[in-house]
J.: 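Okay, here's the structure, questions in a sec.
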Amino acid sequence: MSQKRDAQSSRGQRPSADKQKPTRQVLPPERLQKVLSRAGVGSRREVEAWIEAGRITVNKAIAVPGQKVTVDDHIFIDGKPVSIEAAQAPVRRVLMYNKPEGEVTTRNDPEGRPTVFDRLPRLKDQRWIAIGRLDINTTGLMLFTTDGELANRLMHPSYQVDREYAVRIFGEVDEAMTDRLLEGVLLDDGMASFSDISSAGGSGINHWFHVTLFEGRNREVRRLWESQGVKVSRLKRVRFGPAMLPSRLSMGRWEEMDQRGVDALSRAVGLDPLALPAKTPGEARTQRRQQRKKPSRGSGSYRKGGVFTRAEHKAEERQEKKGDARRKSPMGRRKAPKH
């Protein structure tokens, strides 16, 4: 009897179809630039430029603007295959980088100048996407992410993500001037204004200010001040949305943002939080070394709350004077070769 019941029981236990054939959830067709940015290949603007230049093919045909793709399409960039499986489950990592003067915001510079990507940690299957740009003479906070959608939203003016800068002005600044900069002035590419201006100390005709604006047009901070007949002699970004430049992060160093910081950036642009991927032991050791390193003198460190103190402004000025003295010193000049 027991053998018969066992046989009947075994005949009744049929494996479910789900266990026999695992299925995957495939997203509906989406625009090519959106899929590639979400997969961490590049920002939407970068991908759109690649499409216009004819660098991307889909199923052996040159991609066109507005084209939609699925995960089953075969995509190549410059003849190299690109996997968009990651677009279905994007990885959202964010780096904070304290950019020094002299680096350009590009991956490859035709003039051979150092770039902001040179010092960043290497990724195996993705790439770092710069969230906005800083010109070669501007220093301070830059953000990089593996999530193209996060990068696109943080850069897009419609999401109203503010940026804060510490700026040293050479020239007389009065209340009427700051009122004009807050109300708006006409630049070559349209109206522009600061949303906030606050004095941060200084002496003589060199004065520090903190300014905030909601967009990142090319050299916008410099052009706004120059429209009033004064000169920007130093410019540092100290905050991007909820992310502030940490005091421990010295010039030319990077630090990966923790879960709390990434979630704050995500919420600022209406994205649901994503869990950070687990770090390898090597990545964890590298990050601990970066966090233990003390900021160098005159590196432009900032205290909690984004406040650049008077003492730190003076340290910046002392460091700059030392550099000027070295450049002017006869010992620092090369002698002309004898013929």
Side-chain angles (χ1 to χ4, degrees), residues 43 45 98-106 109 111 113 116 130-143 152-241 243-245 251 300 302 306-310 312-314 316-317 319-321 323-324:
S43 69
R45 291 181 181 178
N98 191 350
K99 176 191 175 296
E101 191 173 346
E103 291 184 352
V104 291
T105 310
T106 184
D109 183 59
E111 299 179 30
R113 294 171 295 183
V116 294
I131 301 175
R133 305 170 66 89
L134 290 179
D135 65 48
I136 191 170
N137 296 317
T138 301
T139 62
L141 178 64
M142 283 199 68
L143 299 179
N152 181 68
R153 293 194 183 199
L154 286 170
M155 289 186 286
H156 203 281
S158 64
Y159 287 94
Q160 293 286 286
V161 179
D162 60 343
R163 292 91 155 156
E164 184 178 348
Y165 296 82
V167 53
R168 190 177 70 182
I169 300 300
F170 181 79
E172 296 292 339
V173 178
D174 56 22
E175 186 175 351
M177 182 187 296
T178 58
D179 286 345
R180 288 193 296 271
L181 291 171
L182 290 169
E183 291 171 2
V185 297
L186 182 62
L187 302 178
D188 294 339
D189 52 356
M191 294 295 294
S193 65
F194 294 123
S195 60
D196 185 70
I197 303 175
S198 59
S199 176
S203 59
I205 57 175
N206 282 300
H207 203 90
W208 285 93
F209 293 89
H210 274 240
V211 298
T212 305
L213 70 170
F214 285 97
E215 54 186 356
R217 282 187 269 170
N218 183 38
R219 301 182 72 254
E220 187 172 4
V221 175
R222 295 180 186 273
R223 290 189 294 136
L224 274 167
W225 284 107
E226 289 167 1
S227 73
Q228 304 302 303
V230 295
K231 181 181 178 182
V232 173
S233 57
R234 297 296 296 275
L235 183 61
K236 289 175 173 282
R237 184 156 67 193
V238 299
R239 183 173 60 83
F240 196 116
M244 287 180 276
L245 184 63
M251 194 79 75
Y302 295 84
V307 178
F308 194 42
T309 66
R310 289 174 185 257
E312 288 164 333
H313 284 305
K314 290 180 180 179
E316 287 281 328
E317 292 172 355
Q319 191 75 3
E320 187 179 63
K321 287 179 181 178
D324 291 341

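Residue numbers count from 1 along this sequence.
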J.: For Ser227 and Leu181, which heavy atoms make the closest approach, and how far apart are they?
T.: OG-CD2, 4.5 Å
J.: Using side-chain heavy atoms (C-beta onward) and a distance below 4.5 Å, is Leu224 in contact with Val185?
T.: yes
J.: Can you check side-chain contact (heavy atoms from CB on, under 4.5 Å) on Trp225 and Phe194, steps first, answer last?
T.: CA-CA 10 Å; Trp225 284 107; Phe194 294 123; 3.6 Å; yes
J.: For Arg168, does its backbone N or O pair with a side-chain atom of Ser233 as donor and acceptor, under 3.5 Å?
T.: yes
J.: At their closest point, which heavy atom of Glu172 faces which heavy atom of Met177, and how far apart are they?
T.: O-CE, 3.3 Å
J.: Are any side-chain N or O atoms of Arg237 and backbone N or O atoms of Gly140, one a donor and one an acceptor, separated by less than 3.5 Å?
T.: no
J.: Could you give me the CA-CA distance, side-chain angles and deciding distance for Val238 and Met244, then say whether side-chain contact (heavy atoms from CB on, under 4.5 Å) is met?
T.: CA-CA 6 Å; Val238 299; Met244 287 180 276; over 6 Å; no
J.: May I have the step-by-step check of side-chain contact (heavy atoms from CB on, under 4.5 Å) for Thr178 and Val173, ending in yes or no?
T.: CA-CA 7 Å; Thr178 58; Val173 178; 3.8 Å; yes
J.: Measure the CZ-CG distance between Phe214 and Asp162 for me, rounded to the nearest 0.5 Å.
T.: 5.0 Å
J.: Can you tell me how far the CZ atom of Arg219 sits from the CZ atom of Arg133, to the nearest 0.5 Å?
T.: 13.0 Å
J.: Rounded to the nearest 0.5 Å, what separation is found between the NZ atom of Lys231 and the CG atom of Asn206?
T.: 10.0 Å
J.: How about Asp189: does its CG atom have over 12 heavy atoms from other parts shown lying under 6.0 Å from it?
T.: yes
J.: How close do His207 and Ser199 get, heavy atom to heavy atom, and via which atoms?
T.: NE2-OG, 2.7 Å
J.: In terms of relative ring orientation, are His156 and Tyr159 parallel, tilted or perpendicular, with 30° and 60° separating the classes?
T.: perpendicular
J.: Write down the atom of Ile169, the atom of Phe209, and the distance for their closest heavy-atom approach.
T.: CG1-CD1, 3.9 Å
J.: Quick one: closest heavy-atom pair of Thr105 and Ala130, and the distance?
T.: CG2-CB, 4.3 Å
J.: How about Val116 and Val104: do any of their side-chain heavy atoms sit closer than 4.5 Å?
T.: no
J.: Sub-3.5 Å donor-acceptor pair from the side chain of Ser195 to the main-chain atoms of Thr212, do we have one?
T.: yes
J.: With rounding to the nearest 0.5 angstrom, report the OG to CD distance, Ser193 to Glu220.
T.: 8.0 Å
J.: Is it true that atom CZ of Arg45 has more than 12 heavy atoms of other residues, nucleotides or ligands lying nearer than 6.0 Å?
T.: no
J.: Could you tell me whether the side chains of Arg222 and Thr138 share a donor-acceptor contact shorter than 3.5 Å?
T.: yes
J.: What pair of heavy atoms forms the shortest contact from Met142 to Gly132, and how long is it?
T.: CE-O, 3.7 Å
J.: What distance separates Asp109 CG from Glu103 CD, expressed to the nearest 0.5 Å?
T.: 11.5 Å
J.: So, the side chain of Arg239 versus the backbone of Gly241: is there a donor-acceptor pair under 3.5 Å, distance only?
T.: yes
